[in-house]
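Working notes for the structure below.
The basis for the numbers below is simple: all heavy atoms, side chains too, and nothing from hydrogens, waters or symmetry mates. As the structure lists them, so they are numbered: ligands from 1, and atoms in each ligand from 1.
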Amino acid sequence: MKPAVKVTITGAAGHIGYALVFRIASGAMFGQEQPVILRLLEIPQSMSALSGVRMELEDCAFPLLHDIVTTDDAAIGFRDSDYAILVGAKPRSKGMERKDLITENAKIFSHQGRAINDHASRDVRVVVVGNPANTNALIAAANAPDLDRSQFTAMTRLDHNRALGQLANKTNTLVADISRMTIWGNHSLTQYPHIDHCLVDGKPALDLVTQDWAVDHFIPRIQRRGAEIIEARGLSSAASAADAVVDHVHDWALGTPEDDWVSMSVHSDGSYGIDEGVVFSYPVTCKAGKYEIVQGLDLDEFSVSRLKASEDELLGERAIIQELLP
Ligand code: NDP
């Protein structure tokens, strides 16, 4: 049997963590031939809840789960980690300003970036889920000088999957028939879900739906889907967020299908005119654990303005945490 992959999950006792750890242990992330070791990191006040998660993991008797480590010490949590999934983050509390939320989280993610730098595998791959995810990924990478910044990403896969679901509903097709969906920008209300390059059953999506539907219904629905779910459930999305983490890491590790791509927030290399100082969602292909930004896509004036709006928001977030960047 292959050696076990070590996966660290922060905030592992939270809603998303609870929906995530069992799927990783069951083989959904790396396949049925790949054993895993889970290293679950929490804050001290959540260690009791985490011990309950551990008991349930043991009770599932997953054949692929070779060990479980639970800890509130980042040095232990990230030790030799091959994949670090950063879910835990400070939620917005009543009366808290957006600026304070960004700064509070920047402190947490600076600390975790340093711990990953000092303790994780040199090939570690990091995905940030805790919000503001893109800026948290930026600050974590900035605090890991011994690692390559391409090892740090943020998750826009849930937005991508939501977009696939909505387009499949509208065109009365299956999600599996749709390819080349893209989410550009920040994981926030300024994200730009974009179907101009999408194919449905090999045909352009724009032959099946109108631009008006895309602009007036599809884009705002994807941007506000999280709020729609909170309104319906009374709780934020957790199962679909966990599922998107599984997809993000699965495709990064094992590759994207031929002739298709996925959306991942990665450090900008200047592609499509985006400032190199931000973590931006792009269409990417993955192979053998590396991603490449898809190049050469045509963008009309409306699309360029949407990318710019999201870039401006990310530059604003970056300005707030500038003094915490080393
Ligand atoms: P969740 O598990 O529901 O969410 C965790 C983070 O994921 C939040 O920042 C949340 O952002 C974000 N997120 C990203 N995408 C989504 C999405 N589509 N739907 C919902 N959330 C999304 O939070 P819980 O409060 O249940 O659990 C957090 C855990 O983290 C707790 O167990 C806590 O102990 C731990 N924690 C760790 C900290 C640390 O590491 N220092 C600090 C604080 C908490 P948003 O809030 O914007 O929805």
Side-chain angles (χ1 to χ4, degrees), residues 8-23 39-54 70-78 84-94 96 98 100-116 126-137 139-140 143 153-163 165 183 186-191 193 221-248 263-265 279 281 317:
T8 302
I9 299 143
T10 72
H15 290 108
I16 295 174
Y18 188 68
L20 176 63
V21 294
F22 298 93
R23 299 214 43 218
R39 307 185 76 89
L40 310 180
L41 181 60
E42 261 297 355
I43 48 177
Q45 33 304 23
S46 296
M47 285 306 287
S48 169
L50 188 62
S51 71
V53 175
R54 181 200 183 103
T70 52
T71 181
D72 57 6
D73 180 343
I76 296 171
F78 290 116
I85 304 172
L86 310 186
V87 181
K90 199 158 195 142
R92 188 191 294 258
S93 51
K94 217 173 169 192
M96 193 183 207
R98 182 171 160 273
D100 298 332
L101 181 76
I102 292 172
T103 312
E104 283 300 309
N105 276 303
K107 287 180 199 154
I108 293 169
F109 285 82
S110 308
H111 173 71
Q112 293 189 342
R114 266 192 297 278
I116 291 168
V126 183
V127 50
V128 176
V129 178
N131 280 314
N134 295 53
T135 296
N136 290 340
I139 197 150
N143 282 281
T153 64
M155 187 174 88
T156 18
R157 185 61 177 265
L158 178 55
D159 310 295
H160 179 102
N161 288 348
R162 286 168 170 167
I183 305 291
N186 196 4
H187 171 65
S188 74
L189 285 176
T190 68
Q191 66 173 271
R221 185 121 198 233
I222 305 306
Q223 289 170 332
R224 296 176 190 284
R225 185 67 161 181
E228 194 181 342
I229 288 167
I230 292 175
E231 206 177 308
R233 275 184 91 223
L235 290 168
S236 63
S237 39
S240 51
D243 180 71
V245 177
V246 170
D247 287 348
H248 178 114
S263 305
M264 264 167 81
S265 287
V279 170
S281 184
E317 290 182 10

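Within 6.0 Å of the CD atom in Gln45, the count of heavy atoms belonging to other residues, nucleotides or ligands exceeds 12.
The protein heavy-atom contact nearest to atom 27 (O) of ligand 1 is Gly14 CA, 3.2 Å. Counting only heavy atoms of the protein, atom 25 (O) of ligand 1 lies nearest to His15 ND1, 4.7 Å. Atom 31 (C) of ligand 1 has as its closest protein heavy atom Glu42 OE2, 3.5 Å. For atom 38 (C) of ligand 1, the nearest protein heavy atom (residue, atom name, distance) is Ile43 CG2, 3.6 Å. The protein non-hydrogen atom at the shortest distance from atom 18 (N) of ligand 1 is Leu158 CD2, 2.9 Å. With respect to atom 20 (C) of ligand 1, the closest heavy atom belonging to the protein is Ser237 O, 3.0 Å. Closest to atom 2 (O) of ligand 1, if we only count protein heavy atoms, is Ile16 N, 2.9 Å.
Near Ser46, the atoms of ligand 1 lying under 4.0 angstrom from a non-hydrogen atom of the residue are 32 (O), 33 (C), 34 (O). Close contacts between ligand 1 and Ala13 involve ligand atoms 32 (O) [criterion: under 4.0 Å to a heavy atom]. Contact atoms of ligand 1 toward His187: 15 (N) (distance under 4.0 Å to a heavy atom of the residue). Interface of Val87 with ligand 1, defined as ligand atoms under 4.0 Å from a residue heavy atom, comprises 5 (C), 6 (C), 7 (O).
Looking at heavy atoms from C-beta onward, Glu42 lies out of side-chain contact with Asp72 at the 4.5 angstrom threshold. Residues Arg221 and Glu228 meet the side-chain proximity criterion, which asks for heavy atoms closer than 4.5 Å. At a threshold of 4.5 Å between non-hydrogen side-chain atoms, the residues Ser237 and Arg162 count as touching. Side chains of Gln191 and Gln223 form a contact here, defined as non-hydrogen atoms less than 4.5 Å apart.
For atom 46 (O) of ligand 1, no protein non-hydrogen atom is found at a distance below 4.0 Å.
When non-hydrogen atoms are compared, ligand 1 lies under 4.0 Å from the side chain of Ser236 (C-beta onward) but not from its backbone. When non-hydrogen atoms are compared, ligand 1 lies under 4.0 Å from the side chain of Gln112 (C-beta onward) but not from its backbone. Using a 4.0 Å cut-off between heavy atoms, Val129 contacts ligand 1 through both its backbone and its side chain.
Checking Thr135, Thr156, Asn134, Asp159 one by one against His187, the side-chain hydrogen bond (donor to acceptor under 3.5 Å, both in side chains) holds for a single residue, Asp159.
Of the N or O atoms in Ile108, none lie within a sub-3.5 Å distance of an N or O in ligand 1.
Nearest-residue assignment for atom 11 (O) of ligand 1 (options Val245, Leu235, Leu101, Asn131; heavy-atom criterion): Asn131. Closest heavy-atom approach to atom 44 (C) of ligand 1 within the set Gly11, Gly88, Ala133, Ala89: this belongs to Ala89.
Residues Ala238 and Ala19 come closest through the heavy atom pair O-CB, 3.9 Å.
At distances below 3.5 Å, not a single donor-acceptor pair connects side-chain atoms of Glu317 with backbone N or O atoms of Pro132. A donor-acceptor contact shorter than 3.5 Å is absent between the side chain of Arg98 and the backbone of Leu101. Looking at Asn105, its side chain does come within 3.5 Å of a backbone N or O of Lys90 through a donor-acceptor pair.
Taking the side chain to side chain donor-acceptor pair (under 3.5 Å) definition, one finds that Arg23 meets it with Asp243, sequence neighbours left out.
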